[in-house]
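All values reported here derive from a predicted model rather than from experimental measurement.
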Amino acid sequence: KRIVELYRTVAYPGIPIWHDTLEAQLRRDRYLTNCFGRKRKFMDAWGPDLLDAAFSFKPQSTVADVVLEGMKLAYIDESPCFQKALLAANVYDSLLYRYPVEEVDHMSRFIHTMANDYMFPLMEYNGREFQINIDIKMGFDWGQKSMKTLKIGACEEETVGCIKLLVEEARREREKA
């Protein structure tokens, strides 16, 4: 209990203020709107469960909408690098794609565009603009041990170089096994 109180008052003193703001909005009309403009009406009985759901709605729904928007943009992109990408899974806050390993240049362009454009939108909350950082991982299977975290560069050449190194490293590890 003490740790939670220190978290709310010392580490993140704005959280109680934010909670009060959300609670006041709920008392007015029971609606909250996330950073993408998606509204939700909270119809449950007033109490801790309703407030917990409301406090979670904005951050969780915003992340989900970032992922869904990125998935939609990737789906409608008709460029060659996006045509080779196969969506394997959408798991709440992540997308899992399969890509032919021999297509490193196209794969790099795909990853670079997803990371810098489609999954990194500029958002606004209470007059402040922000972006949510993302992680990109790649590997030959979905297992956590085989996944390598990519460092996405501001320019595509950096991304291509990083991906080529990781593909070669992953190939060597796979051949050893």
Side-chain angles (χ1 to χ4, degrees), residues 4 7-8 11-99 106-138 142 144 147 149-156 158-159 162-163:
V4 171
Y7 178 85
R8 295 180 76 229
Y12 298 99
I15 288 178
I17 296 165
W18 182 63
H19 284 176
D20 291 346
T21 302
L22 294 179
E23 187 173 341
Q25 177 65 38
L26 287 171
R27 288 187 187 282
R28 272 194 299 281
D29 61 11
R30 289 192 169 241
Y31 279 99
L32 293 178
T33 306
N34 77 1
C35 294
F36 282 83
R38 180 157 52 105
K39 288 186 174 189
R40 177 176 169 194
K41 187 168 189 173
F42 291 83
M43 299 294 294
D44 294 339
W46 194 267
D49 290 344
L50 178 130
L51 293 174
D52 285 346
F55 298 155
S56 299
F57 169 71
K58 283 195 179 194
Q60 290 182 0
S61 68
T62 296
V63 167
D65 286 355
V66 165
V67 171
L68 290 173
E69 183 66 13
M71 184 171 63
K72 180 187 87 173
L73 292 169
Y75 179 77
I76 63 175
D77 191 317
E78 295 181 0
S79 63
C81 66
F82 278 83
Q83 296 306 304
K84 296 176 185 297
L86 175 65
L87 179 64
N90 169 12
V91 185
Y92 167 64
D93 64 350
S94 65
L95 298 174
L96 176 70
Y97 281 91
R98 294 179 58 191
Y99 211 98
H106 280 298
M107 182 191 335
S108 299
R109 201 165 300 116
F110 167 78
I111 291 170
H112 184 81
T113 303
M114 288 297 289
N116 289 303
D117 299 331
Y118 294 174
M119 299 284 290
F120 198 53
L122 184 62
M123 295 174 276
E124 184 266 328
Y125 181 73
N126 282 349
R128 294 180 67 188
E129 290 184 337
F130 68 98
Q131 291 174 294
I132 299 172
N133 289 330
I134 64 168
D135 291 327
I136 303 281
K137 295 181 180 180
M138 64 181 289
W142 205 351
Q144 290 296 337
M147 299 298 275
T149 300
L150 295 176
K151 300 289 184 211
I152 302 300
C155 69
E156 193 172 324
E158 287 179 62
T159 303
C162 179
I163 290 171

Quiz item: How far apart are the C-alpha atoms of Val63 and Tyr92, what are their side-chain angles, what is the distance that settles it, and do they pass the side-chain contact (heavy atoms from CB on, under 4.5 Å) test?
Solution: CA-CA 8 Å; Val63 167; Tyr92 167 64; 4.2 Å; yes

Exercise. Work out which heavy atom in Met119 is nearest to a heavy atom in Gly70; give both atom names and the distance.
Key: SD-CA, 3.7 Å

Quiz item: Looking only at heavy atoms, which two atoms of Thr33 and Lys58 are closest? And how far apart?
Solution: O-CE, 3.0 Å

Exercise. Give, for atom CG of Leu26 and atom CH2 of Trp46, the distance between the pair rounded to the nearest 0.5 Å.
Key: 5.0 Å

Quiz item: Measuring from Phe120:CZ to Asn133:CG, what's the distance to the nearest 0.5 Å?
Solution: 5.0 Å

Quiz item: In Å and rounded to the nearest 0.5 Å, what is the CG to CZ distance from Asp65 to Arg38?
Solution: 4.0 Å

Quiz prompt | Pair Val66-Phe36, side-chain contact (heavy atoms from CB on, under 4.5 Å): steps then yes or no | solution = CA-CA 8 Å; Val66 165; Phe36 282 83; 3.6 Å; yes

Self-check item: Heavy atoms of other groups near Arg98 CZ, more than 12 under 6.0 Å
Solution: no

Quiz item: Among His19, Arg27, Gln25, whose side-chain hydrogen bond (donor to acceptor under 3.5 Å, both in side chains) with Glu23 holds?
Solution: Arg27

Practice problem: Any chance you could lay out the side-chain contact (heavy atoms from CB on, under 4.5 Å) test for Cys81 and Tyr99, step after step, and finish with the verdict? | Solution: CA-CA 10 Å; Cys81 66; Tyr99 211 98; 3.8 Å; yes

Quiz item: Looking only at heavy atoms, what is the nearest atom pair of Asp77 and Tyr118, with distance?
Solution: OD2-OH, 2.6 Å

Quiz item: Taking atom CG of Leu96 and atom CG of Leu86, what is their separation to the nearest 0.5 Å?
Solution: 9.0 Å

Exercise. Can you establish whether the number of heavy atoms outside Ile17 located under 6.0 Å from its atom CD1 is more than 12?
Key: no

Quiz item: Is there a side-chain contact (heavy atoms from CB on, under 4.5 Å) between Gln131 and Leu122 once you walk through the steps?
Solution: CA-CA 5 Å; Gln131 291 174 294; Leu122 184 62; 3.9 Å; yes

Quiz item: Does atom OH of Tyr31 have more than 12 heavy-atom neighbours, drawn from other residues, nucleotides or ligands, at distances under 6.0 Å?
Solution: no

Quiz item: What heavy-atom pair brings Pro59 and Trp18 nearest, and what distance separates the two atoms?
Solution: CD-CH2, 3.9 Å

Quiz item: Nearest 0.5 Å, what's the CG-CG distance between Asp44 and Asp49?
Solution: 8.0 Å

Quiz item: Distance from Thr21 atom OG1 to Leu32 atom CG, nearest 0.5 Å?
Solution: 11.0 Å

Practice problem: Check the surroundings of atom OH in Tyr125: do more than 12 heavy atoms from other residues, nucleotides or ligands lie under 6.0 Å from it? | Solution: yes

Quiz item: Quick check: are there more than 12 heavy atoms from other residues, nucleotides or ligands sitting under 6.0 Å from CG of Asp29?
Solution: yes

Quiz item: Does a sphere of radius 6.0 Å around CD in Glu78 hold more than 12 heavy atoms from other residues, nucleotides or ligands, not counting ones at 6.0 Å or beyond?
Solution: no

Quiz item: Is Arg40 reaching over with its side chain to a backbone N or O of Ala54, donor-acceptor style, under 3.5 angstrom?
Solution: no

